[in-house]
Amino acid sequence: EAQVTQNPRYLITVTGKKLTVTCSQNMNHEYMSWYRQDPGLGLRQIYYSMNVEVTDKGDVPEGYKVSRKEKRNFPLILESPSPNQTSLYFCASSWGGGSSYNSPLHFGNGTRLTVT
Amino acid sequence: QKEVEQDPGPLSVPEGAIVSLNCTYSNSAFQYFMWYRQYSRKGPELLMYTYSSGNKEDGRFTAQVDKSSKYISLFIRDSQPSDSATYLCAGGSNYKLTFGKGTLLTVNP
């Protein structure tokens, strides 16, 4: 089954404790992206990657890191999490950035992160 | 001004009603427009896609774009309880999608 898999689904951590949220896709997509979703603010892009070893900042990259060493994986790293990073995070992938009907963004089911 | 503004809702309608969901956008560079549907505890999934002004119909759903007024709409006919979800409009250009905040729709049996 074609899917984007995020882990963990739920994560509670404390301020400053480094964490990684993993994302893996099995559709051989070149494009991958991370979003955060907050009430009243909607979906905002954190980072995206057009291909292996190519990453770029989205709209809200501060406090996050990513890497794309393999095509299928795109982990999101929070080196020193803070309470304002408490949010629902989504990983997504597609062929062309979600720019066509034949290649929409495929989203994972989200990771709910709480930083205390 | 946010690039994509969406009526915040929430919206609650009886089963069978016609639903109208609306967005405006400010970025003239947007080349294509999409509606994503997001069920509770799930990621968004593509519902409708269009790249030109006018209407596009798919079953009970019609997406409407008016580029002259920068207005995007989604109409749902004969709404069903299974349509209860958050609907996200999005505009895109150069492989970047910008989403609205989403409208929570509840269709009551």
Side-chain angles (χ1 to χ4, degrees), chain A residues 1-7 9-10 21 23-25 27 29-51 54-61 88-112, chain B residues 1-10 21-27 29-52 56-59 61 63 65 72 74 85-104:
Chain A
E1 180 189 352
Q3 59 186 4
V4 177
T5 303
Q6 295 179 230
N7 280 297
R9 287 295 306 273
Y10 301 92
V21 183
C23 174
S24 181
Q25 50 94 3
M27 295 167 278
H29 286 161
E30 293 179 339
Y31 180 93
M32 297 186 75
S33 182
W34 276 103
Y35 294 84
R36 60 178 289 175
Q37 187 174 39
D38 302 287
L41 295 175
L43 267 174
R44 294 179 293 167
Q45 191 178 48
I46 303 170
Y47 269 95
Y48 65 96
S49 169
M50 297 293 289
N51 213 327
V54 180
T55 63
D56 210 345
K57 296 177 181 178
D59 298 316
V60 289
L88 180 58
Y89 291 86
F90 287 100
C91 181
S93 73
S94 75
W95 285 111
S99 62
S100 75
Y101 183 78
N102 291 327
S103 179
L105 282 174
H106 292 262
F107 285 85
N109 282 330
T111 295
R112 185 165 293 282
Chain B
Q1 180 189 8
K2 201 172 180 338
E3 284 188 293
V4 180
E5 300 276 3
Q6 184 169 1
D7 289 347
L21 302 168
N22 304 297
C23 294
T24 58
Y25 65 95
S26 59
N27 190 342
F30 284 159
Q31 299 162 321
Y32 46 90
F33 305 91
M34 298 178 176
W35 284 93
Y36 277 77
R37 178 174 60 193
Q38 184 178 15
Y39 290 114
S40 180
R41 297 191 186 87
K42 295 287 189 180
E45 55 185 359
L46 181 67
L47 183 63
M48 297 287 286
Y49 168 95
T50 183
Y51 58 88
S52 59
K56 182 172 182 178
E57 191 173 314
D58 185 1
F61 298 89
V65 175
I72 314 164
L74 178 71
T86 296
Y87 290 79
L88 303 157
C89 61
S93 65
N94 297 327
Y95 307 110
K96 179 174 167 58
L97 273 180
T98 301
F99 288 89
K101 295 178 183 179
T103 302
L104 176 62

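Naming: A, B, ... by sequence-line order, numbering from 1 per chain. As the structure is a computational prediction, the values presented were derived from the model and not from experiment.
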K.L.:
Can you establish whether the number of heavy atoms outside Phe61(B) located under 6.0 Å from its atom CZ is more than 12?
P.N.:
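Result for CZ/Phe61(B): enclosed.
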K.L.:
Kindly write out the residues that satisfy salt bridge (charged side-chain N to carboxylate O under 4.0 Å, His left out) with Asp59(A), not counting sequence neighbours, or none if the list is empty.
P.N.:
Lys96(B)
K.L.:
In the structure I gave you, are the side-chain heavy atoms of Leu43(A) and Tyr36(B) within less than 4.5 Å of one another anywhere?
P.N.:
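Result no, sub-4.5 Å side-chain heavy-atom pair not found.
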K.L.:
So how far is it from Leu97(B) CG to Tyr48(A) OH, rounded to the nearest 0.5 Å?
P.N.:
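Going from the CG atom of Leu97(B) to the OH atom of Tyr48(A) covers 12.0 Å.
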K.L.:
Can you tell me which portion of Gln37(A) sits under 4.5 Å from chain B's heavy atoms? Options are side chain, backbone, both or neither.
P.N.:
side chain
K.L.:
Side chain, backbone, both or neither: which part of Gln6(B) has a non-hydrogen atom closer than 4.5 Å to chain A?
P.N.:
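Contact with chain A involves no heavy atom of Gln6(B) at all.
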K.L.:
Against chain B, label Arg44(A) side chain, backbone, both or neither, depending on which of its atoms sit under 4.5 Å from a heavy atom there.
P.N.:
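Neither part, no heavy atoms under 4.5 Å.
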K.L.:
When rounded to the nearest 0.5 angstrom, what distance separates CZ in Phe99(B) from CG in Leu41(A)?
P.N.:
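Here the rounded value is 15.0 Å.
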K.L.:
Would you check if Phe90(A) and Gln38(B) make a side-chain contact, meaning some heavy-atom pair closer than 4.5 Å?
P.N.:
yes
K.L.:
Please check: side-chain N/O of Lys101(B) versus main-chain N/O of Gly40(A), any donor-acceptor pairing under 3.5 Å?
P.N.:
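Yes; judged by distance alone, with no hydrogens or angles, the pair exists.
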